[in-house]
Amino acid sequence: VWSEGEAVRLVKAAWRSGSRALAALVAIAWDTQLSPVDARSLTLGQKRQDDRGVWFDLHRAKTGRAAIGTLGRRSQRLLEAYLEGLGA
């Protein structure tokens with residue numbers, strides 16, 4: 001069982017240590033509550049955005065059922081910063 005504060009501390013520690021991909025993954029996994037395999041399998045092609053925010057449309061790996069994973073503002077900014085660092 002994790003609390004939001006623990007997840008935030010893990011994200012910050014990963015980002016500060018240079019593990020930006022890990023920081024983005026932990027933030028996305030926390031916000032979306034997706035399993036690790038589903039969170040790692042996300043692509044930019046699954047990313048959707050409107051005036052209310054960012055979400056991912058996907059099919060769950062284990063069940064094959066359709067799902068969405070929404071991101072909070074903090075995770076949106078973190079994902080954008082990570083992608084900008086890649087030059088994407």
Side-chain angles (χ1 to χ4, degrees):
V1 176
W2 297 85
S3 71
E4 181 183 13
E6 290 170 312
V8 169
R9 284 190 293 279
L10 288 171
V11 168
K12 285 182 179 182
W15 188 268
R16 290 175 181 156
S17 72
S19 299
R20 304 225 158 131
L22 179 61
L25 178 64
V26 171
I28 290 168
W30 175 261
D31 276 2
T32 63
Q33 292 296 292
L34 293 172
S35 70
V37 69
D38 287 329
R40 284 192 321 259
S41 301
L42 293 173
T43 67
L44 288 177
Q46 295 168 308
K47 182 179 173 235
R48 306 287 184 263
Q49 186 168 359
D50 65 12
D51 59 334
R52 292 174 28 175
V54 173
W55 72 94
F56 290 91
D57 283 326
L58 66 142
H59 290 282
R60 304 290 302 266
K62 187 175 180 180
T63 64
R65 297 182 69 178
I68 62 167
T70 59
L71 296 184
R73 288 187 194 121
R74 181 174 31 205
S75 294
Q76 289 176 37
R77 287 191 302 270
L78 187 84
L79 178 60
E80 290 167 7
Y82 167 67
L83 292 173
E84 285 176 17
L86 294 176

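Just so it is clear, the model here is predicted, and its values are computed rather than measured.
- Atom-to-atom distance recorded for Gln33:CD and Ile28:CD1 is 13.0 Å, nearest 0.5 angstrom.
- Leu78 places none of its side-chain heavy atoms less than 4.5 Å from the side chain of Tyr82.
- Proximity of Leu44 to Leu83: side-chain heavy atoms (C-beta onward) are separated by under 4.5 Å at one or more points.
- The two residues Ala29 and Ala39 come nearest to each other via the heavy atoms CB-CB, 4.1 Å.
- Nearest heavy atom pair, residue Arg60 against residue Ala67, reads CD-CB, 3.5 Å.
- To the nearest 0.5 Å, atoms CZ (Arg40) and CG (Asp38) are separated by 9.5 Å.
- Interatomic distance, CD of Glu4 versus CG of Asp31, reported as 8.0 Å (0.5 Å rounding).
- In terms of heavy-atom proximity, Val26 sits nearest to Ala7 at CG1-O, 4.2 Å.
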- request: Please assess Thr32 against Leu71 for the test side-chain contact (heavy atoms from CB on, under 4.5 Å), listing each intermediate value before the final yes or no.
  value: CA-CA 6 Å; Thr32 63; Leu71 296 184; 3.9 Å; yes
task: For Lys47 and Leu42, run side-chain contact (heavy atoms from CB on, under 4.5 Å): C-alpha distance rounded to whole Å, both residues' side-chain angles, the deciding distance at 0.1 Å, then the answer.
output: CA-CA 8 Å; Lys47 182 179 173 235; Leu42 293 173; over 6 Å; no
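- We find the NE2-OG distance between His59 and Ser41 to be 13.0 Å, quoted to the nearest 0.5 Å.
- The two residues Trp2 and Trp30 come nearest to each other via the heavy atoms O-CH2, 3.6 Å.
- Val37 and Leu22 are not part of a single hydrophobic cluster, where members link through side-chain heavy atoms under 4.5 Å apart.
- Residues Trp55 and Leu25 are members of separate hydrophobic clusters, defined by side-chain heavy-atom contacts under 4.5 angstrom among Ile, Leu, Val, Met, Phe, Trp and Tyr.
- Taking a 6.0 Å sphere around CZ of Arg48, one finds it holds more than 12 heavy atoms contributed by other residues, nucleotides or ligands.
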